[in-house]
Amino acid sequence: MAKRLSHVKLVTFDLFDTLYTPAEPVGRTYARPLWQHGYSVSEESMANAFARAFKEIHKTHPNYGHSAQMTSRQWWTMVIDTTWRHAGIEKEPAGVLVAARNTLIDKFNTAQGYRMFSEVPRVLGYLRRKGLKLGVISNMDEGADCVLHGLGIREYFDFVLKSVVVGVEKPDPKMFEMALSAVNVQAYDALHVGDSEKNDYLAAKNAGMQALLVNRSPSAAKFASQFPDKYIYSLEQLLQLV
């Protein structure tokens, strides 16, 4: 276990795979509306197609198409259509794919599409009772607030910084500077927790903040014991660290 962190006045969190994760494997979620309309596609191929499509669209239209003045719905439409094309689904009878696409977008804009990690409410409540400021710094679209409200945890946060709204994405230090300015806290008094080495841990460190990397993989406990000042395997460890 790492030594207890001192002088922490603000704790910020990433969202995806830090506070919550998809309710089921993404490949299954993307394939399900197609299965319902008689399409034959495997969960694995859909997962691979989604990963490929997301990477492609993010490269050509970063930050949910912010600079191109796209809406998030337009951006996700491109991702979903590209996913299905990579999976070999191109022809649609009577608008089937349009309906399926809208179902997916609507699902992931609400808490219905996600599963919150069980320790999250307990940890956020503890940090709040200690009088700490809490915030979110996430490369997410406008749906993040709706998801947080649906999961019942939006009330814990003093602010939610969404990349599509502020116009920059992590690891840009401006996102962390905005967070610090939002509650008038110095970087050395702030801790950021996330699951990405580049976008969370290193980015926060480069901004002068303390940082922890949450790793929930099967080997997470080993990483946490070998590098206790860097890794945690559950947010519950914050109860002993902050």
**Student:** With hydrophobic residues grouped by side-chain heavy-atom distances under 4.5 Å, do Leu239 and Leu124 end up in a single group?
**Tutor:**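 Same cluster.
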**Student:** Counting distance only, does the side-chain N/O of Asn139 pair as donor-acceptor with the main-chain N or O of Lys170 below 3.5 Å?
**Tutor:**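 Looks like yes, one N/O pair under 3.5 Å.
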**Student:** For the side chain of Asp200 and the backbone of Val193, is there at least one donor-acceptor N/O pair under 3.5 Å apart?
**Tutor:**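 No; judged by distance alone, with no hydrogens or angles, the pair does not exist.
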**Student:** With a 4.0 Å cut-off, would you call Asp145 and Lys162 a salt bridge?
**Tutor:**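 A salt bridge links Asp145 with Lys162.
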**Student:** Using every non-hydrogen atom in the two residues, find where Val120 and Leu19 come nearest and quote the distance to one decimal.
**Tutor:**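 Nearest pair, atom of Val120 first, then Leu19: CG2-O, 3.5 Å.
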**Student:** Taking all non-hydrogen atoms of both residues, which atom of Pro171 and which atom of Lys198 are closest, and how far apart?
**Tutor:**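 So the two residues come closest at CB-O, 3.7 Å.
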**Student:** Looking at Met70, is its backbone amide N or carbonyl O close enough to the side chain of Trp75 to form a donor-acceptor pair, meaning the two atoms are under 3.5 Å apart?
**Tutor:**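 It does not hold such a pair.
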**Student:** Using only atom types and a distance under 3.5 Å, with no angle test, would you say the side chain of Ser163 pairs donor to acceptor with the backbone of Met140?
**Tutor:**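 Between the backbone of Met140 and the side chain of Ser163 there is a qualifying donor-acceptor contact (under 3.5 Å).
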**Student:** For Thr103, what residues pass the side-chain contact (heavy atoms from CB on, under 4.5 Å) criterion, not counting sequence neighbours?
**Tutor:**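 Not a single residue meets the side-chain contact (heavy atoms from CB on, under 4.5 Å) criterion with Thr103.
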**Student:** Quick one: CD1 on Ile89 to OG on Ser40, what's the gap to the nearest 0.5 Å?
**Tutor:**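 OG of Ser40 is found 8.0 Å from CD1 of Ile89.
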**Student:** May I ask you to decide if Phe157's main-chain N or O and Arg154's side chain share a donor-acceptor pair within less than 3.5 Å?
**Tutor:** yes
**Student:** From Thr83 OG1 over to Glu56 CD, what is the distance, rounded to the nearest 0.5 angstrom?
**Tutor:** 9.0 Å
**Student:** So, the side chain of Tyr126 versus the backbone of Val242: is there a donor-acceptor pair under 3.5 Å, distance only?
**Tutor:** yes
**Student:** Is the backbone N or O of Thr18 less than 3.5 Å from a side-chain atom of Asp195, with the two atoms forming a donor-acceptor pair by type?
**Tutor:**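 Not confirmed, Asp195 side chain does not pair with Thr18 backbone.
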**Student:** Do Glu169 and His58 pair up side chain to side chain, a donor and an acceptor below 3.5 Å, judged on atom types alone?
**Tutor:** yes
**Student:** Do Ile80 and Leu97 touch side chain to side chain, with heavy atoms closer than 4.5 Å?
**Tutor:** no
**Student:** Under 3.5 Å, is there a donor-acceptor pair linking the side chains of Trp76 and Asn109?
**Tutor:** no
**Student:** Name the residue from Leu127, Asp158, Asp189, Leu191 that meets the side-chain contact (heavy atoms from CB on, under 4.5 Å) definition with Leu132.
**Tutor:** Leu127
**Student:** Quick test of your reading of the model: are Arg216 and Glu119 salt-bridged, counting only N-O distances below 4.0 Å?
**Tutor:**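 Salt bridge: yes.
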**Student:** Minimum heavy-atom separation for Asp14 to His192, with atom names?
**Tutor:**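 Between these two residues, the closest heavy atoms are N-CE1, 3.7 Å.
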**Student:** So, Arg128 and Glu155, do they make that salt bridge, N to O below 4.0 Å?
**Tutor:**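 A salt bridge is absent here (no side-chain N lies under 4.0 Å from a carboxylate O).
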**Student:** For the atom pair OG1 (Thr60) and CE (Met78), what is the distance rounded to the nearest 0.5 Å?
**Tutor:**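 Going from OG1 on Thr60 over to CE on Met78, the span is 5.0 Å.
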**Student:** Other than Leu161, what residues sit in its cluster of Ile, Leu, Val, Met, Phe, Trp and Tyr side chains whose heavy atoms are under 4.5 Å apart, directly or through others?
**Tutor:**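 For the cluster that includes Leu161, the remaining residues are Leu10, Ile137, Phe159, Val166, Val168, Met175, Phe176, Met178, Leu180, Val183, Val185, Met209.
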**Student:** Considering all heavy atoms of both residues, which atom of Trp84 and which atom of Ala100 are nearest to each other, and what is their separation?
**Tutor:** CH2-CB, 3.6 Å
**Student:** Donor-acceptor check, side chain of Asn215 to backbone of Tyr233, threshold 3.5 angstrom: yes or no?
**Tutor:**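 Judged by distance alone, no pair lies under 3.5 Å.
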**Student:** Do Trp35 side-chain atoms and Val41 backbone N/O form a donor-acceptor pair below 3.5 Å?
**Tutor:**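 Indeed, once roles are kept as given, a pair shorter than 3.5 Å links the two residues.
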**Student:** Quick one: do Gln36 and Arg32 satisfy side chain to side chain contact (heavy atoms under 4.5 Å, CB included)? Show the steps, please.
**Tutor:** CA-CA 6 Å; Gln36 293 171 346; Arg32 189 183 304 281; 3.9 Å; yes
**Student:** How far apart are the C-alpha atoms of Ser72 and Val164, what are their side-chain angles, what is the distance that settles it, and do they pass the side chain to side chain contact (heavy atoms under 4.5 Å, CB included) test?
**Tutor:** CA-CA 8 Å; Ser72 296; Val164 73; 4.2 Å; yes
**Student:** Donor-acceptor check, side chain of Tyr114 to backbone of Phe108, threshold 3.5 angstrom: yes or no?
**Tutor:**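 Present.
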**Student:** With sequence neighbours excluded, tell me which residues meet ring-ring contact (aromatic ring centres under 6.0 Å, His included) with Tyr30.
**Tutor:** Phe50
